[in-house]
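Taking it in order: structure first as C-alpha cells, then the write-up.
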Amino acid sequence: MTIEYNSIAKYIDHTLLAPQASAAQIDELCDQARAYGFATVCVNPCRVRQASMRLQGSGVGVATVIGFPLGATSTQAKVQEALQAAADGASELDMVVNVGWIADGDWDAARRDIAAVTHCTTLPVKVILETCKLDPDQIVRATQIAAEAGAAFVKTSTGFGGGGATVEDVRLMKAHCGDMRVKASGGIRDLDTAIAMLEAGADRLGTSSGVAIATAAAARVR
C-alpha cells in the first residue's frame, strides 16, 4: 500500500481525551481539525455537543468514546452513553470491549456487549480491543466477534492501557477483520509511525499528534 503524504490527514482522528482538557482546548482541537481536514475529532462524551456545534458544516466528524477507558462498565451503561452521544451530535462511537470477559473466555458475553451498542444507534462503532492486554489468539477472536456483532471498525488501543498500537497487531487484526476496517491508536506520535501503521493495514489513525504528523507530511511533499 502506497500512502500519499498529501492525503494523510484524511486518515486521522484528531484526539484529545485527557480528563483535564478544557473547553478552550476542545475548540482549538476542532479548529485544527477543520484547518487540516482530519477525518474526525475524538473527544470525551461530555464534549460531544461542544465539538459538534464547533464543527457544524465543516465535513469533520465527531467521534467519542464509550465505556472508556476500561470497558468494564455495564452493557446498559454503554448503551446509554451511546444514545446520549448520538443525541449530542456524535458521528462515530469508539467503545471499549469488556477485556475481563475476554480473559474469562466468555465470548458470548463480549459479543452481546458489543452488539448492544452497535444496534442501539445507526452510528458506526469502532471496537477497542486494548491489544496490549491480549495474546494473539485473543486478538483474532475478539476481532471476529466484533465483526459478528456488527462493528464498523476494530481498534487497537485506548492509549490509557499501558501499551499502544503495534504493526504486528494491526496486521493480525487486518487479516481477520472481514469487511470491517482497522483503526490503529496509541503511541502514534510521528509521521514514520503513522505511515507504518497505514502500510500494515490501518484505515484510520487515532492520535493526539495529528498536527505534527500532517505538518511533517506536507514538508515531505515539498
Side-chain angles (χ1 to χ4, degrees), residues 7-19 21 23 25-69 71 73 75 77-97 113-129 146-147 149-159 165 177 179-186 188 194 197-198 202-211 213-214:
S7 68
I8 199 165
K10 70 182 182 181
Y11 295 100
I12 291 175
D13 288 347
H14 192 38
T15 302
L16 179 55
L17 295 170
Q25 288 174 312
I26 298 298
D27 280 347
E28 181 181 22
L29 185 85
C30 293
D31 294 345
Q32 290 169 341
R34 185 192 294 265
Y36 285 89
F38 295 134
T40 74
V41 296
C42 187
V43 297
N44 280 307
C46 66
R47 298 297 188 179
V48 168
R49 184 175 295 277
Q50 176 190 349
S52 64
M53 292 177 64
R54 188 80 172 187
L55 288 167
Q56 191 169 13
S58 69
V60 178
V62 178
T64 194
V65 287
I66 304 297
F68 190 85
T73 51
T75 298
K78 291 178 180 178
V79 167
Q80 291 303 315
E81 271 194 308
L83 292 172
Q84 186 63 56
D88 287 344
S91 55
E92 298 180 3
L93 305 174
D94 291 31
M95 74 160 286
V96 188
V97 75
D113 188 57
I114 298 166
V117 175
T118 63
H119 293 156
C120 75
T121 80
T122 59
L123 300 181
V125 175
K126 310 185 194 87
V127 177
I128 307 172
L129 302 186
F153 285 78
V154 66
K155 175 179 169 182
T156 58
S157 317
T158 63
C177 70
D179 293 333
M180 287 190 304
R181 290 174 283 175
V182 174
K183 177 176 173 179
S185 183
I188 303 171
M197 295 299 170
L198 293 170
D203 303 282
R204 193 77 68 81
L205 304 173
T207 177
S208 58
S209 301
V211 170
I213 290 168

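From a predicted model like this one, the values you see are computed outputs, not experimental measurements.
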How would you list all residue pairs meeting salt bridge (charged side-chain N to carboxylate O under 4.0 Å, His left out) that involve residues 52-63, not counting sequence neighbours?
D27-R54, D31-R54
Shortest non-hydrogen pair, T40 vs A63, comes out as OG1-CB, 3.9 Å
May I have all residue pairs that pass salt bridge (charged side-chain N to carboxylate O under 4.0 Å, His left out) and include part of residues 37-53, sequence neighbours excluded?
R49-D88
Kindly give the heavy-atom pair with the smallest separation between L205 and A202, and that separation in Å.
CD2-CB, 4.2 Å
Minimum heavy-atom distance between I8 and A194, given as atom pair plus value
CD1-CB, 4.2 Å
Could I get the full list of side-chain hydrogen bond (donor to acceptor under 3.5 Å, both in side chains) partners for T75, not counting sequence neighbours?
D113
Sequence-distant partners of E28, side-chain hydrogen bond (donor to acceptor under 3.5 Å, both in side chains), two or more places apart:
none
Which residues satisfy the side-chain hydrogen bond (donor to acceptor under 3.5 Å, both in side chains) test with E81, sequence neighbours excluded?
none
Checking S185 side chain against T158 main chain: does a donor-acceptor pair fall under 3.5 Å?
no
With K126 via salt bridge (Lys or Arg N to Asp or Glu O under 4.0 Å) - residues at least two apart:
D13, E92, D94
Which atom of C42 lies closest to which atom of L17, heavy atoms considered:
O-CD2, 3.9 Å
Heavy-atom closest pair (I26 atom, A51 atom, distance to 0.1 Å) is CG2-CB, 4.5 Å
Results of side chain to side chain contact (heavy atoms under 4.5 Å, CB included) for Q25 - residues two or more places apart only
L16, A21, S22
Please identify each residue that fulfils side-chain hydrogen bond (donor to acceptor under 3.5 Å, both in side chains) with T15, with sequence neighbours left out.
none
So CG of L55 and CZ of R34: to nearest 0.5 Å the spacing works out to 6.0 Å
For A115, the side chain to side chain contact (heavy atoms under 4.5 Å, CB included) test, sequence neighbours excluded, returns T118, H119, A149
Can you tell me if K78 uses its side chain to pair, donor with acceptor, with the backbone of I114 under 3.5 Å?
no
With no hydrogens and no angle check, is any side-chain donor or acceptor of Q50 less than 3.5 Å from a backbone partner on A23?
yes
Show your reasoning for whether side-chain contact (heavy atoms from CB on, under 4.5 Å) applies to C120 and L83.
CA-CA 7 Å; C120 75; L83 292 172; 4.2 Å; yes
Under the rule for side chain to side chain contact (heavy atoms under 4.5 Å, CB included), what residues qualify as partners of V182, not counting sequence neighbours?
V154, V170, M173, K174, C177, D203
Give the minimum heavy-atom separation between T64 and N44, together with the two atoms involved.
OG1-C, 3.4 Å
Mind checking what makes ring pair (Phe, Tyr, Trp, His ring centres under 6.0 Å) contact with Y36, not counting sequence neighbours?
F38
So, taking the atom named CD1 in I66 and the one named CD in Q84, what distance separates them when rounded to the nearest 0.5 Å?
10.0 Å
With T207 via side chain to side chain contact (heavy atoms under 4.5 Å, CB included) - residues at least two apart:
I12, I188, S209, I213
From NZ (K183) to CZ (R204), nearest 0.5 Å:
7.0 Å
